[in-house]
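First the structure, then my questions, so here it is.
Residue numbers start from 1 in every chain, and the chains themselves are labelled A, B, ... in the order their sequence lines are given, proteins ahead of strands.
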Amino acid sequence: MELTAQKSIEKEIKSSLVTDPISHSHKELTKEQIREIVAKRAAKEFREGDVVTLGIGLPTAVANYVPENMHVIFQSENGLLGVGKDQKGNIDKRVINAGGGYVEARQGACFYDSQMAFTMMRGGHIDATVLGALQVDSDGSLASWMIPGKMVPGMGGSMDLVVGAKKVIVAMEHTSKGQIKIVEKCTLPLTAFREVNMIITERCVFEVENDGLVLKEINPMFSVDDIKASTGADFRICDNLKAMC
Amino acid sequence: MELTAQKSIEKEIKSSLVTDPISHSHKELTKEQIREIVAKRAAKEFREGDVVTLGIGLPTAVANYVPENMHVIFQSENGLLGVGKDQKGNIDKRVINAGGGYVEARQGACFYDSQMAFTMMRGGHIDATVLGALQVDSDGSLASWMIPGKMVPGMGGSMDLVVGAKKVIVAMEHTSKGQIKIVEKCTLPLTAFREVNMIITERCVFEVENDGLVLKEINPMFSVDDIKASTGADFRICDNLKAMC
Amino acid sequence: MKSIVSAQKAISMIKDGASVMIGGFLECGAPDMLIDELVKQNKKNLTMISNDTTYPDADKGRLIVNKQIKKLITSHIGTNPETGKQMHAGELDVELVPMGTLIEKIRAKGTGLGGVLTPTGVGTVLEENKETMNIDGKKFIFEKPLGADFALIYGTKVDKYGNVSFYGTTRNLNTVMATAADTVIVQADELVECLDPNEVVIPGLFVDYIVVKENN
Amino acid sequence: MKSIVSAQKAISMIKDGASVMIGGFLECGAPDMLIDELVKQNKKNLTMISNDTTYPDADKGRLIVNKQIKKLITSHIGTNPETGKQMHAGELDVELVPMGTLIEKIRAKGTGLGGVLTPTGVGTVLEENKETMNIDGKKFIFEKPLGADFALIYGTKVDKYGNVSFYGTTRNLNTVMATAADTVIVQADELVECLDPNEVVIPGLFVDYIVVKENN
């Protein structure tokens, strides 16, 4: 539920933000292609046995790209460790994920209450979280829960999750409706201050280091100048810049 | 376990306390008689449906005097709501009370962990507790967990219990080995400050009110002068002083 | 043995202006029948404490649409556009609290602690007007305990002693809310004679009234 | 799937001087086999965090008698005269903490909170040298979170995913300790393939190693 209202929020971001100069160029990808590129790349961050909490929307798709032979356990803040596939056939409404979808519990799963869910999340027991953003900045601060005076869905569990997870991965479209989302300093109210470790978009991968963003990987469809033009923050280019795949 | 080491501690109280002038008189009762008088009277404080936590020693005996047709539920800090009789025959060591005794779980009982036990106890969900004391004073403060430099068993769960229970009843011998226990001001380290509501001994019943102790009932075997002589604190006599029974 | 009552009788105890905690994560584990009765009896000016306001046509969401809530303390309102609409129109006072903090505030009340010291929200607008505490060089926000007059909770199986057990992801905030309200009413999918003591999730002493779904 | 190891191997990970939380209330729900192995391997200068020190000849009590503990954080030592004797002789550093406070300190660590604000001990010697906080006219003692390098816990049934369930009063501090140590080792009375997800008391993600009683 962290990002349930993400889409409706994004509609509201129209003003004051810098326009992405390349989003309407020949390099534009479809939503489905973006989703696949980002989700596929994010899934590579997991290690065997990791416990991961995914945000709603694009981040949910990450689960589809975990290699078959790797065991990653998905945790849902509403009380399920071991989220499985969507339920088919006779629906049991007593088993849902944080987005309200009816899901299966995998072999080895367990159910628990909200206190326990947040012991996992805020207490540092989640290895990685992947979530979306309205804005993310060069300090690793994240804005994802409200646009003052416009859309205020609430933070749900996202603030606790971002503070507590060992690794925080923002997975999103590089820009949204042509507006720049990776900025020097977030202008929207923060979800968390300096907690993001990595930003994965369809164009590139940034790591957040003490001195700011470092470009680690780039999608060969784009040039470094493309990234510069569509990113609102300065960044350092890794000596060993790799192709994103 | 609140008062596991009570007996050993009492052996150690030898110094500096005022002597009970009547404990060696013809009015002396046997330990068993004292236990019965005190436990019987304490059991009358319970109401239908009460949840009660008992200390170790004399207070444990209170459970024997609850009327057959009254439902009182005994809670034990080690994780059992609905403490039953001592186990007989094949012992299951996985079900104990706070004193380490093997007990039965009654119909309707449940097991839980220590967090939940102290949510019950500190959180104000226990209707009454009955426990012993080394000293109790006219403010309703209680000392029961250590004698500096001598015996230090520890407080166990007693401090949380006394702070949290709706009604705190001290049930004890009026004096111990001839030493006075009901005092103006505790000299031993406190278990809790101003939390005791009632003191029940073999000689009388005191209630702790804002202006100090009030003698509510007296065992007809003793005179008010006997109580005065064996009590280290001033007390007011209730207008409607009753015979203890 | 606990009082087993009708939804009508249970809800009739709640007066206009009362504070009410309601369990459930979206529609899952929500005491829908008790909420329906709250709508039917049209209790007004309520303070509602809940994880979310579900959807406009579902359980807690209907209380919003029916304008029975004066003050709402919750973590997420994005699934119910009506909540945001009333908030922006100044008709509904909404206090948004991070989910983990909301749960701990309720737990603090239930377990008798003085408050919560949480790292969640440090460096955000949530820190404004809050007391903070520096502990070993790290900043924490202080939040007060949160209780209510009533808790309306759900249980999959409830026994006659008030013990509650759950199936699936229905536990959510039901467990913590049971500890933090003056009067706790549980809606039971199924009433049983006696649960296995190892299976109990909410010990019976927290429950005051049982309403059985099939009886209504 | 979790690592299933021998007691010998599990305990060999613990170095002299480590801090170790050990579950159990007296002998009930104590990981006796792991403790026996700790005695056998004679690990020294340990900091032990436990509810009590049981009896001189039982589980945790043997660690005291064998002088393996340098610092003890606990709520009750009255059942083991050897603990008091070593404390008074200055051989053992004992910190006595009310049971409810001990549990909350461990929980605060496990759940990521900055500390505990408890009414327990206010107006007693426990208040000395502690920070206190006045909240709405009532005084609370501030206590810091408490974690450890290792937690040795007990489980009645443990599945291959590390999920733990309990029988009877064996849960006690095992549940909270599982959340607050860098490495958690559970002694299982019985290892099963897969527990019913509704039955699980300690979710598998908290458990690092499983030692099965019958295998040793």
**Study point:** Portion of T118(C) that has a non-hydrogen atom of chain A nearer than 4.5 angstrom
**Key:** side chain
Review point. Does some side-chain heavy atom of L195(C) sit less than 4.5 Å from a side-chain heavy atom of K157(C)?
Key: yes
Check your understanding: Checking heavy atoms, do the side chain of I106(C), its backbone, both or neither come under 4.5 Å from chain A?
Key -> neither
Exercise for review: Heavy atoms only, distances under 4.5 angstrom: which of N97(A), V95(A), V162(A), T119(A) has the most pairs with chain C? Name it, please.
Suggested key: V95(A)
Study note, to complete from the structure: Answer key: most heavy-atom pairs under 4.5 Å with chain C among R122(A), M116(A), M159(A), R94(A) is R94(A)
Review point. What part of V97(C) gets closer than 4.5 Å to chain A, counting heavy atoms only: side chain, backbone, both or neither?
Key: backbone
Practice item. Answer yes or no: is there a donor N or O on one side and an acceptor on the other, between the side chain of N163(C) and the main chain of G204(C), under 3.5 Å? Key: yes
Review point. Mind checking whether Y154(C) and F166(C) have parallel, tilted or perpendicular rings, split at 30° and 60°?
Key: tilted
Practice item. Spell out, as yes or no, whether a donor-acceptor pair under 3.5 Å connects the side chain of N78(A) to the backbone of A98(A). Key: yes
Point to revise | Min side-chain heavy-atom separation D59(C)-E27(C) under 4.5 Å | key: yes
**Study point:** Part of I77(C) within contact of chain A (heavy atom distance under 4.5 Å)
**Key:** both
Check your understanding: For F111(A), is it the side chain, the backbone, both or neither that has a heavy atom under 4.5 Å from a heavy atom of chain C?
Key -> both
**Study point:** Heavy-atom proximity to chain C below 4.5 Å, by part of T191(A)
**Key:** backbone
Check your understanding: Between V52(A) and I126(A), does a side chain to side chain contact (heavy atoms under 4.5 Å, CB included) hold up when you go through it step by step?
Key -> CA-CA 6 Å; V52(A) 174; I126(A) 302 293; 5.7 Å; no
Review point. Using non-hydrogen atoms only, which part of T101(C) is less than 4.5 Å away from chain A: side chain, backbone, both, or neither?
Key: both
Review point. Most heavy-atom pairs under 4.5 angstrom with chain A, which of T175(C), V125(C), V201(C)?
Key: T175(C)
Review point. Among N172(C), T124(C), T83(C), who wins on heavy-atom pairs under 4.5 Å with chain A?
Key: N172(C)
Review point. Would one find more than 12 heavy atoms of other residues, nucleotides or ligands at under 6.0 Å from atom NZ of K105(C)?
Key: yes
Exercise for review: Check each atom of V176(C) against the heavy atoms of chain A and say whether the ones under 4.5 Å are side chain, backbone, both or neither.
Suggested key: both
Practice item. State whether the number of non-hydrogen atoms from other residues, nucleotides or ligands found under 6.0 Å of R106(A) atom CZ is greater than 12. Key: no
**Study point:** Minimum side-chain heavy-atom gap V164(C)-V200(C) below 4.5 Å
**Key:** no
Revision key, fill the gap. From the list T156(C), L126(C), T74(C), N174(C), the residue making the most non-hydrogen contacts under 4.5 Å with chain A is L126(C)
Check your understanding: Under a 4.5 Å heavy-atom cut-off, does chain C meet the side chain of A192(A), its backbone, both or neither?
Key -> backbone
